[in-house]
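Here is the structure we will look at, set down as structure tokens.
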Number of protein chains: 2
Amino acid sequence: MPRPRLSRPARKPPSRYHHGDLAHAMLQEAVRTIQKQGIAALTLRGVGERLGVSRTALYRHFADKQGLLAAVAAEGFRMLRAALVEAWDARGRGREGFEAMGAAYVRFAVAHTGHYRVMFGGVVPPGNEDCEVSVAGGDAFQALVDAIVEQQQRGLIVSDDPLQLARYIWSVVHGISMLALDGLLPTPAEAEALVRYANERLRTGIAQ
Amino acid sequence: MPRPRLSRPARKPPSRYHHGDLAHAMLQEAVRTIQKQGIAALTLRGVGERLGVSRTALYRHFADKQGLLAAVAAEGFRMLRAALVEAWDARGRGREGFEAMGAAYVRFAVAHTGHYRVMFGGVVPPGNEDCEVSVAGGDAFQALVDAIVEQQQRGLIVSDDPLQLARYIWSVVHGISMLALDGLLPTPAEAEALVRYANERLRTGIAQ
DNA sequence: TCCTTATGTTGACAGTGGCAACATTAAGCG
DNA sequence: CGCTTAATGTTGCCACTGTCAACATAAGGA
């Protein structure tokens, strides 16, 4: 029940009826819920309630629950891309920066479980080449491709098809992230150790 | 409504009240549903209906929906393990067999989407070290470790910690599988090409 | 000022997982 | 054979969920 307005509304939350930036708040709350309790526990009613808003307010900002999840995935891919290029740039865009990129990937996955699980949980039905989440995902992948091409031009990496190389490397970091998320790498330290090991073996191969 | 029994029951389905092997049938039906329509579309009522059985019959064979999904995951891990050792054994337990193992992994993931999505979708809450699914998953992983150790003893693979090596290689094949499942590798042929490429780069590394 | 649009709310409905109580069959045992 | 008991399947019921339609409220331009 909406308690009667006691005094005239303050400046910052002027009305309490219109939230101001509900879409963003809902995204945040959805991510927090998934991170703490898993995707299955995400409830539109719960999100609304925790934000002090009605259960269907969401429909003014997202098409439906799928839409909310798609937005989470898209935001996740944008954040991932930012983390990747940041690591790559901050460490000199050389071999060191490239390895930092890998570490940044896994660190993102572990730190932002809520996003990551939605990004790769088969939640968004694949196919739509030009939907927001596909575009964001493609951009993140492209950051890796760009770094590979740059390394190839400096002769630091074999000059195979960059796309294939990128897929291969993406598989490695994504696989490590999944192992960590599924609790198969007990501690975060173990995850970082695996990343370091993977970087070494990635460079030199496993053949004797 | 159960239509009145017109003639005495035939031999094979003697009663129609007791199904005979309902647990197995439900597993099968659940997998089929997930494969065709995704995890979100899996409904206990739907499973029961499609099997000509009541909606709550499932509870005589599984604790709840989670239990059914856990059984799917466990069965998946057992099937995966069988596929891995079969490929490893059939191709001579050498380098060729080892690469066949990788190909078999990806082939399993692509062919059994229904199982694979449950195995790695974050559906089973991690932690329980000794639950059925954890054990089955550990066994599948162990098959890879064993193959690595055997290769190391023949001097075909660098003699690093086998566990770390196994995690690294598992990450590669799991990552490729995920890319394929999420539709990022358009055709199955493209997936196989990536596996072949990964095998080559896995051996020799990416450094120039 | 009034009208339009954006935003939030309430009521209602079908579908879902799950529990308790009941019905039906199979299986052991004299 | 008959009786008892456990296994298996069913129905009634409940709280909860996503979603839509209708309504309420606020913000902004004319």
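Hydrogens, waters and symmetry mates are skipped; everything else that's a heavy atom, side chains included, is used. In what follows, every chain begins at residue 1, and chains take the letters A, B, ... in the order their sequences are listed.
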Side chain of [X] only, heavy atoms from C-beta on: which candidate in [options] is closest?
X: A/S54; options: D/dC13, C/dT10, D/dT10; result: C/dT10
X: B/K65; options: D/dT17, C/dG17, D/dT10; result: C/dG17
X: A/V53; options: C/dT9, D/dT17, D/dT11; result: C/dT9
X: B/L44; options: C/dT9, C/dG18, D/dG9; result: C/dG18
X: A/L22; options: C/dG8, C/dA12, D/dG9; result: C/dG8

The salt bridge (charged side-chain N to carboxylate O under 4.0 Å, His left out) partner of A/E99 among A/R201, A/R196, A/R203, A/R93 is A/R203
When the nearest nucleotide of DNA chain D is assigned to A/T43 and to A/A63 on a heavy-atom basis, which residue is associated with the more 5' position?
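By nearest-heavy-atom nucleotide position, the 5'-most residue is A/T43.
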Aromatic ring proximity, centroids under 6.0 angstrom, B/H112 and B/F108
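Judged by ring-centre distance (under 6.0 Å), B/F108 and B/H112 do meet the cut-off.
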Quick check on A/Q142: does its CD atom have over 12 non-hydrogen neighbours (other residues, nucleotides or ligands) under 6.0 Å away?
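Yes, the 6.0 Å shell around CD holds more than 12 heavy atoms from other groups.
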Round to a whole Å and report the spacing from CZ of A/R45 to C1' of D/dT19.
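Distance check: A/R45 CZ to D/dT19 C1' gives 9 Å.
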State whether the distance check finds a donor on one side and an acceptor on the other, under 3.5 Å, for side chain A/R55 versus base D/dG18.
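Side chain to base: no pair below 3.5 Å.
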Is there a donor N/O on one and an acceptor N/O on the other, under 3.5 Å, for the side chain of A/T56 and the base of C/dT10?
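Flag set: donor-acceptor pair detected.
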